[in-house]
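What follows is a single structure, written as structure tokens, with notes after it.
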Amino acid sequence: MRIGSIIHGEERNEETRETIDIIAPHGQKKIAELALATTEDLNDAVKDCYDTFHHTMKYMPAHERADILRTTADMLEGQAEEFVETIVHEAGKPLVYARDEIGRSIQVIRFASELVKHMTGEVLPMDAAVGGEHRLGLVKRRPLGVVGAITPFNFPLNLALHKIAPAIAGGNTIVFKPAEKTPISAYNLVRLFQAAGLPDGVLNLVQGTGEEVGGPLVEHDNVHKISFTGSLPVGRTILETAGFKKVTLELGSNSPNIVFDDATIKDTVTELVKGAFAFSGQACISAQRVYVHSSIYDEFLQEYVKQTEALTIGDPSDEDTDIGPMITQEEAERAKEWIDDAARKGATIATGGTLDGNVLSPTIMTDVQDHMKIIAEEVFAPIVSVIPFKTEEEVVEWANNSVYGLQAGVFTKDINRAMRVAEHLEIGGVWINEISTYRQDNHPYGGVKQSGIGKEGVKYAIEDTTEIKFIGAKLEP
Ligand code: NAP
């Protein structure tokens with residue numbers, strides 16, 4: 001299989017192009033060859049999106065946008081297993097989580113198709129201002145124009161759709177730059193929209209490196225918004241170079257989960273095993289710091305180790321595999337080095353900590369300190385630290401002691417305590433009796449501090465890909 005970029009419906013995949021091999025994380029076999037886009041392709045893609053916006057998309061009625069989105073969702077549902085298989089192969093994501101991603105992706109497109117018809121404005125009471133009598137004031141939502149969507153490898157379909165579907169709903173065109181590591185899902189998604197009737201030039205795909213096409217997309221004057229999901233260092237560069245455009249940044253985290261003494265230990269552990277180790281912890285809201293009340297700490301830790309050691313490590317395409325490979329060998333080695341670094345500084349490996357190729361065994365750390373990388377930075381690997389606490393005040397302070405603030409989980413039967421803690425956490429979203437790793441696609445989602453800027457969640461992303469326009473009229477009395 002050899003794939004390239006798609007600009008105005010045409011694939012750019014000539015023999016003369018520079019290529020990279022796409023290697024499956026499990027088994028290390030070559031599964032595709034990617035013909036890389038150049039800065040020139042990027043400029044063509046932006047120009048085409050710009051023209052298509054002004055000639056076509058700007059005039060496409062809401063019912064037509066809704067129909068295209070609905071058809072795309074129905075077609076994705078019909079081809080769900082093919083999309084699942086692609087994610088399993090190119091990302092090494094275990095089957096159960098790949099299926100979950102496709103199910104959520106279908107819902108994201110459906111949410112967008114439903115919301116298109118409810119993008120209402122308002123009529124202002126102009127006579128509220130002295131001298132404003134006999135005037136009409138209308139507030140409408142208008143599309144921004146060209147949206148640049150830059151996405152990571154870990155949810156190659158759903159996180160792309162969190163940008164593309166709302167942008168289409170809002171009436172924009174999109175230049176889509178997916179992660180180089182997961183280009184097949186992106187390619188198939190663009191083909192799917194084409195088959196569902198999306199006009200050529202509304203969604204252009206540029207498959208190139210961050211440096212060659214990502215940077216120029218961010219800096220391009222004819223792009224009106226950048227919506228980026230990825231790491232903090234790249235997010236920081238984007239913020240510095242985007243210039244005069246809207247920017248949404250969905251970045252990383254070191255999510256805290258707080259377990260009070262009245263939580264049900266076994267069930268909470270079961271949830272936090274998933275929370276820390278789903279897709280080998282390669283999720284931005286993966287449970288990384290688990291604070292447990294000291295009165296239940298020993299029992300909790302024992303149960304956490306027991307349930308973690310019962311996980312099945314294996315081929316991601318097997319039905320019963322819980323833990324597969326990490327995305328690359330380098331990433332797995334980087335994570336292993338962080339474990340060893342913490343151990344050298346006094347931390348204890350309660351379970352896991354072994355590397356076999358690019359498979360890192362699910363790891364629980366104790367006796368950790370705030371300055372260790374596994375606490376202070378985003379681990380993005382199957383590593384969780386369990387930390388005892390005594391008081392509500394101290395645990396809130398510890399949880400807030402981070403440059404990040406994306407999502408958190410709080411486990412307690414005391415609703416007053418839960419609400420108090422939720423209020424005091426400096427974090428974009430707080431779940432009560434649910435893991436930080438849980439996300440629904442219709443709630444506002446996005447971090448504070450260095451976890452990001454702006455919100456996704458379909459309704460909120462539509463608002464962010466549109467702007468308010470005021471039209472006023474002076475009427476005859
Ligand atoms: P990444 O390395 O930051 O890459 C993300 C995207 O940015 C890729 O498409 C990448 O292209 C591109 N890129 C790289 N350099 C660029 C530049 N200078 N200008 C423009 N684009 C550039 O992230 P990743 O490793 O794929 O994903 C993991 C990160 O994503 C983690 O930090 C995780 O927390 C974060 N994440 C956040 C959320 C959220 O919703 N908050 C969700 C999922 C993941 P190449 O692939 O070509 O390098």
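Whatever order the structure lists ligands and atoms in, that order sets their numbers, starting from 1. All values reported here derive from a predicted model rather than from experimental measurement.
- Here I164 contributes atom CD1 and S227 contributes atom OG; the two are 10.0 Å apart, rounded to the nearest 0.5 Å.
- For the pair S451 and G405, the tightest heavy-atom approach, listed with the atom from each and the gap, is OG-N, 2.9 Å.
- In terms of polar-atom proximity, defined here as any N/O pair under 3.5 Å, E378 does make such a contact with ligand 1.
- Selection from S231, C284, S253, G235 by nearest heavy atom to atom 1 (P) of ligand 1 gives S231.
- In this structure, OH in Y187 is found 9.0 Å from CD in Q207, a value given to the nearest 0.5 Å.
- Looking at V175 and H220, their side chains never come closer than 4.5 Å, going by heavy atoms from C-beta outward.
- Distance from atom 40 (O) of ligand 1 to its nearest protein heavy atom, with residue and atom name: Y445 CE2, 3.3 Å.
- On a distance-only criterion, K181 and ligand 1 share no N/O pair closer than 3.5 Å.
- Looking only at side-chain heavy atoms (C-beta outward), H424 and E397 stay at 4.5 Å or farther from each other.
- The contact set between ligand 1 and G252, taken as ligand atoms under 4.0 Å from a residue heavy atom, comprises 34 (O).
- At under 3.5 Å, a nitrogen or oxygen of E180, whether backbone or side chain, sits near a nitrogen or oxygen of ligand 1.
- In terms of protein heavy-atom proximity, atom 27 (O) of ligand 1 is nearest to P152 CB, 3.3 Å.
- Using a 4.0 Å cut-off to heavy atoms of E250, the atoms of ligand 1 that qualify are 37 (C), 38 (C), 39 (C), 40 (O), 41 (N).
- In this structure, D74 does not pair ionically with R70, as no charged nitrogen and carboxylate oxygen lie closer than 4.0 Å.
- Salt bridge K373/E378: absent, no basic N to carboxylate O contact under 4.0 Å.
- Less than 4.0 angstrom separates atom 4 (O) of ligand 1 from none of the non-hydrogen atoms of the protein.
- Distances between N or O atoms of S451 and those of ligand 1 include no value under 3.5 Å.
- In P233, neither the side chain nor the backbone holds a heavy atom less than 4.0 Å from any atom of ligand 1.
- In the displayed structure, E40 atom CD is contacted under 6.0 Å by at most 12 heavy atoms of other residues, nucleotides or ligands.
- Contact annotation: for F155 versus ligand 1, there are no heavy atoms closer than 4.0 Å.
- Backbone and side-chain nitrogen or oxygen atoms of T229 are examined, and none is located within less than 3.5 angstrom of a nitrogen or oxygen of ligand 1.
- The aromatic rings of H224 and Y50 lie parallel to each other, with less than 30° between the two planes, well short of the 60° mark.
- Nearest protein heavy-atom contact of atom 12 (C) of ligand 1 is I150 CG2, 3.8 Å.
- Distance from atom 33 (C) of ligand 1 to its nearest protein heavy atom, with residue and atom name: F380 CE1, 3.3 Å.
- The residues R17 and E33 are annotated as not salt-bridged, no charged nitrogen and carboxylate oxygen being separated by less than 4.0 angstrom.
- Given atom 8 (C) of ligand 1, the protein heavy atom at minimum distance is T151 O, 3.4 Å.
- Between K246 and E467 there is no salt bridge, since no side-chain N of the basic residue sits under 4.0 Å from a carboxylate O of the acidic one.
- Taking CD1 of I87 as the start and CZ of F153 as the end, the distance is 12.5 Å to the nearest 0.5 Å.
- Counting heavy atoms from C-beta outward, K449 and Y404 have side chains that stay 4.5 Å or more apart.
- Applying the 4.0 Å criterion to heavy atoms of L406 picks out, from ligand 1, the atoms 41 (N).
- Under 4.0 Å is where a charged nitrogen must lie from a carboxylate oxygen, and between K225 and D464 at least one such pair does.
- Ranking protein heavy atoms by distance to atom 16 (C) of ligand 1, first place goes to V234 CG1, 3.5 Å.
- Only the side chain of N154 comes within 4.0 Å of ligand 1, judged by heavy-atom distances.
- Within 6.0 Å of the CD atom in E211, the count of heavy atoms belonging to other residues, nucleotides or ligands does not exceed 12.
- In summary, the atoms of ligand 1 found under 4.0 Å from a heavy atom of P178, numbered by their order in the structure, are 9 (O).
- Contacts of L251 with ligand 1, taken as heavy-atom pairs under 4.0 Å, involve the backbone alone.
- Short contacts between ligand 1 and L159, defined as distances under 4.0 Å to a heavy atom of the residue, involve ligand atoms 42 (C), 43 (C).
- Those atoms of ligand 1 that come under 4.0 Å of a heavy atom in G214, given as number and element, are 19 (N), 20 (C), 21 (N).
- Atom CG of D21 sits in a crowded spot, with more than 12 heavy atoms from other residues, nucleotides or ligands closer than 6.0 Å.
- Among protein heavy atoms, the minimum distance from atom 35 (C) of ligand 1 is reached at G230 O, 3.2 Å.
- In this structure, atom 19 (N) of ligand 1 lies nearest to the protein heavy atom G215 N, 3.5 Å.
- At least one heavy atom of K177 lies less than 4.0 angstrom from ligand 1.
- Residue T209 has at least one heavy-atom neighbour below 4.0 Å for each of these atoms of ligand 1: 47 (O).
- Considering backbone and side-chain N/O of G210, one or more are found under 3.5 Å from N/O of ligand 1.
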